[in-house]
Amino acid sequence: MILHIAKKEFTEMLRESRFQIVAFIIAILMIVSILISKNYYEKIRSEHELAMQTSRQQWENQGEKNPHSAAHYGTYAFKPIQSLSLIDNGLDKYLGVSIFLEGHRQNDAQYKLIADQNSFARFGEMTPSFIMTYLLPLLIILISFSSLSGEKEKGTLKLLLSQGVSKTSVILGKIVGVWLSVGLLLLPLFLVGLGVIFTTNYQAEDLSRYALIFLTYLLYFGVFINISVLFSSFAKSSTIALVGLIGCWIVSCLLVPKLTSNLSKYLHPTPSAMEYQASLKESLEKGLDGHNPYNEFAKAFQDSVLKANQVDSIQKLPFNYSGLIMQAGEEHERFVYDKHVQQLNNIYLAQLQTHQASAIFSPTVLTKILTMQFARTDMQTHFHFAKKAEDYRIALVRQLNGNLQNNSKYGDWDYAAKPDFFKNTVKFEYVPPSLGETMQTAMSSLLCLTLWFALSLGVAIGITTKLKV
Amino acid sequence: MFHILRFEFKQLLTNRLLWWVSATLTVSIFFAVYNGKTEMTSKQTIIKELGEEEAKRYNKFKLDFDSLNAGTKKAKLAWHQDPRTALTIGMFRNSGKYAILEPAPLSFISTGQSDIEIFYSKVSYLSDILQTNNINFENPFNIATGQFDLAFVLVFLFPLLVIALTYNILSSEREQGTLPLLLSQPVQIKHWLVAKLTFRFGFLLLTVFTLLLLSFAIFSVDFIVLGFFHLILAITLYTLFWFTLSFFINLLAKSSAVNTLLLLATWLLFVFIIPSLANMMATNLYPVPSRAELVNAKRQAEQETERNKQAVLTKFYQAHPQLVQKAEKEQSNEDFYREYVTLHEVIDEQVAKVQQVFDYQLEGQQVFANQFQYFSPAVLMQNAFNEIAETDSKFYKIFQKNIMAYQQNWKAFFKPKFINDEKMTIETFAQIPVYAPTTKAESSFSKQFIGLALFSLVFGLLAWARQTKYQNMVA
C-alpha cells in the first residue's frame, strides 16, 4: 500500500510545474557550480604545486650560508587544496594558505582569501555544498508542504482512509513519494559530482569521503522530508504549513548559526591578539634563549654541558656550542608555542562544540560541520596541517643546528655550510588526516544527525496517526 | 481617506501576526545592538591597552636614557637594550609605536570586514606591519557563519517581516469574499491599497526607529552623529523597496499562498541566490591574484638583492666616503646594521614592485566584483551599512596604506641615525614620528542609495502599470 501511495505521489509531483521548474533550476545551478568549482580547483592546485616547487628551489639554491642564518632566512609550507573542496570548500577561504617556517618562531598561516575579497564574499558562494545545504531543503518544502494538507483540503484523505488504509501507510507513502522525486534529481547530480572528482588528482579515500558527504546530505534531506510531511499533516491549511516550514528553514539555516556564532564567543571568549602575544612573550622569557648567553637558563644549560663533557670552557668542547644551545632554545620555544597554540585551538574547538550543541535547533549546522570534515576543508584539518608544518620546521632547524654544531668552531660565525647541504635537507610532504582520524571527530555529529532523522520520522508518524481527520 | 487609516490601525492592533512581528523585531534588534556594542567596547579596550603598553615601553626607555646620561645607573643593559642607541629605539624588538584605526561611532551596526582585517599595527623599522603579531583572533567557523549584527537583522530578517505584514492585503479580502463589498465603496481600490500599504510602511518604520533609539539608549551608544541620519535613510529606502515589491505582487491578483511563495522566492533571490552566484562569477571570471605566487616573487626579489649584495654595498660606500667597509669579522654591531639597513632598502624597493602589481590586480578584482552589487538590493543595503559603520574593506585598505606611509616616515627619521651612528638625544626622543592618517577614508553611500531608490522605482512603475489592468480585471 505504501508503495502505491508513494507511486501516486511521485507521478503527481513529476507532473507539477513547481517541481519541474525548481528541480531544473537546481540541476542547472549545480552543474554550473560544479564545473566552476572544478576550474577553480585546478587553478589553485597548479598554483600550489608551482609555489611548492619554487619555494623549495629557492631554499636549495641559497648557496653557501651559515646554517643558522638559513634558519632565520626560512622557507614556506603551502597548504594543498583537497579534491573534495570542489564539493564543499568549507573554511578554506577563511584559513591561511601558507606558513612561514623560520628558526625560533612558530608562525600562523597567512593570507586568507576572504581578506582579499570584498564584502560580497560574505554572502556565501554558490558552491555545490551551498546548493545542497540551503536550496535543496527549499525544494523539498516546496514539493511536500501540501502532500497531506492538500488531501485534507480536497477531502480525499477521508476517502483514502475509508478504504481501510492505515494512517501510517499514508504518511510513509507520502514520505517515500517525496524521496522518489528528490532521488530522481539527486542521482544524476551524484554521478556528475563523481565524474568530476574522477578528473581531479583524487586519492582512493576521497571516493569513500564523497560517499559519506552524500550520506550526510541524504540524512539531512530526510530530516526535512519528515518535518515537511509532519507540518503538512497537522497544519490547518497548506499556506500555514508552507509558512511554518519556511520558518523552520530560516531558523535552521540562518538564525541559529548566527546566534550561536555570538553565543559561542560569550561562552568561550577568544583572547585578543595582544593578550596572546603578551602571555607568549612571558612564557618564552621563562626559558632558554639560544641567542642570549646572559639568560639564567642559558647559563645553567652551559654549566651542565661543560660538566657532562668534563671541560671548563665552551671553547674546549669538541663541537660548536652555539649549535647545541640554539637547538636547546628551539626546543623550549617550540614547547611554549605548542602550548599556546593548543590553548587557542582548544578555545576554537570549544566554540565549535557550542555550534554542535546548537544542532538541537538546527540540523543544518551538523550537516555543514560534517561535510567540511569529510571534505577535509574544516578547522581540524587545518590544525593538522599546521601541526605537520611545525614538525617539519623543527626537523629542518634541528638539521641546521646540527650542521652548525658538528662542522664549525665556537664563535666562528663566518662558517658557511656547503650549497649541497641545503639540497639534502628534509623535504615537506604533507599527508592529510586519514578517514579513520576524520571519523573519530565526525562520529558524534553523524550520530546526532542520524538521531535527528530517526526522531523526526518517529514524531511525524506518531503525530499523524493520532490526528483526527 | 482618514477612515481607512483609522480602521487600518484598529485592524492592525487585533492582528496576532503583528504582535509576533514586533516581538521578533524587538528581540533581534536588542540582541544585535548588544553584540555590536560588546564587540566595539572590546576593541576600544584593546586600543586603550595598546596606548598604555606603548607609553610604558617608551617611558622605560626614557628613564633608562636619563639615568644612563646622568650616570646614576650602572649600565647593566645589553647593547641591544641601550636606549641611547637609535637601533634600540627604532629597530629592535622593543621598539615601535602603534598605528590604530579607531572604530567609527556607528561601527557596531555592521561587522563588515572588521573580523578579518587588522585595526592596529606596531610600526617599527623592520616590522612586517601587515602580518606579524597582528592577527585578529576570530574563530574561522564563526567568521564563515557570520555575526548576528544589526545589518543581518535589517538586511536578512526585516524583509521577511515586511512580507508577513503585506502578503495578503488584497488577496485576503478576496478570499474572505469582502472584495466586492470593498469595490462597492466610494473609494478607488488603488487608493485603498496605497493607503493601507503606506500606513503599514509608516507603522513598521516607526517601530524600527523607536526600537533602534531605545536599544541605542539602553546600551548607551553615542548615536548623535551624521551617520545616524544616513542609517535612517538607508533603512527607509530598503523598506520602501520591499513595500513596492509587495505592492506589485499584491496586484498580480493571485491567492495568498501564491503571494507568499512569490515574495519568499524574491527574498531568496535577492538575499541568497544573486549574491552567491555573483560572488562565484566574480571570483572565477576575474580571479584574485595568487598569494602563493606573491610570496615566492618576494623571495625571489630578496635573493637577487642578496646576490648583488657587494655591488649595492660598494655603491653605498662610494656615496658615503667618510665610511669604510670592514671585513665581516671586524664589524661592530653598528657597522653590521648600517649594511643591513642599506641592503634592506633595496630589497624593500624590489618587493614593493612585486606587491604593487599584486595590489593593482587585486584592486581590479574588487572593482569588478563590486559592480555586481547593483543586481541585489540586499547587497546594496549591506554595503551601505558597511559604509556607514566604516567596516567596508575600503576603510581597511586605506588604513593599511596609511600604516605604510607611517613606516616610511619612521624609516626616514631613523635611517640617517643608523647610517651615521647618531645617538639619541632628548630632542630626538621628542621627535619620534607618531601615527597620523595621511588619507582619510570617507563614507560614500550615494551609489547604494541611488541603487535602492531605482529598485523601488522599477517595482513602483511595474505596480502602477499593473494596477490599471487589475482595475479592469476586477471590474
Return the option, out of [options], with the maximum number of heavy-atom pairs under 4.5 Å with chain B.
options	value
A:Leu352, A:Val365, A:Leu95	A:Leu352
A:Thr270, A:Leu254, A:Asn262, A:Thr239	A:Asn262
A:Leu113, A:Ile250, A:Leu29	A:Ile250
A:Leu259, A:Val97, A:Asn61, A:Leu50	A:Leu259

In terms of heavy-atom proximity below 4.5 Å to chain A, should [X] be classed as side chain, backbone, both, or neither?
X	value
B:Phe358	side chain
B:Thr391	neither
B:Leu268	side chain
B:Ser290	both
B:Asn296	both
B:Glu39	side chain
B:Leu264	side chain
B:Lys397	side chain
B:Asp149	neither
B:Ile143	both
B:Phe152	side chain

> Which class fits the ring pair B:Phe31 and A:Tyr266: parallel under 30°, tilted 30 to 60°, perpendicular over 60°?
Replying inline: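 Rings of B:Phe31 and A:Tyr266: perpendicular, as their planes differ by over 60°.
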
> Between B:Phe156 and A:Phe123, how do the two ring planes meet: parallel, tilted or perpendicular, split at 30° and 60°?
Replying inline: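 Rings of B:Phe156 and A:Phe123: parallel, under 30°.
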
Non-hydrogen atoms of chain B under 4.5 Å away: do they reach the side chain of [X], the backbone, both or neither?
X	answer
A:Ser37	both
A:Ile44	neither
A:Val243	side chain
A:His382	neither
A:Leu242	side chain
A:Ile131	neither
A:Ile114	both
A:Tyr76	side chain
A:Leu135	side chain
A:Ile36	both
A:Tyr134	side chain
A:Lys65	neither

If only side-chain N and O atoms count, and only distance matters, is there a donor-acceptor pair under 3.5 Å linking [Y] with [X]?
X	Y	value
A:Gln58	B:Gln300	yes
B:Gln147	A:Lys265	yes
A:Tyr94	B:Asn139	no
B:Gln113	A:Arg122	yes

> Do B:Phe141 and A:Tyr348 have their ring centres less than 6.0 Å from each other?
Replying inline: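 Judged by ring-centre distance (under 6.0 Å), B:Phe141 and A:Tyr348 do not meet the cut-off.
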
> Is it the case that more than 12 heavy atoms not belonging to A:Glu64 sit under 6.0 Å from its CD atom?
Replying inline: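 Check passes, neighbour count above 12.
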
> Distance-only, no hydrogens or angles: does the B:Gln366 side chain make a donor-acceptor pair with backbone N or O of A:Asp116 under 3.5 Å?
Replying inline: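 Between the backbone of A:Asp116 and the side chain of B:Gln366 there is a qualifying donor-acceptor contact (under 3.5 Å).
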
>> When you measure from the side chain of B:Thr145 to the backbone of A:Ser261, do you find a donor-acceptor pair of N or O atoms at a distance under 3.5 Å?
In response: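 Checked: no pair found.
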
> Are A:Phe130 and B:Met280 side-chain neighbours, meaning at least one heavy-atom pair lies under 4.5 Å?
Replying inline: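 They are not in side-chain contact.
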
> Once you round to the nearest 0.5 Å, how far does CG of A:Leu255 lie from CG of B:Leu157?
Replying inline: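 Going from CG on A:Leu255 over to CG on B:Leu157, the span is 5.5 Å.
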
> Is a salt bridge present between B:Arg291 and A:Glu47, judged by a nitrogen-to-oxygen distance below 4.0 Å?
Replying inline: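 So B:Arg291 does not pair with A:Glu47 through a salt bridge.
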
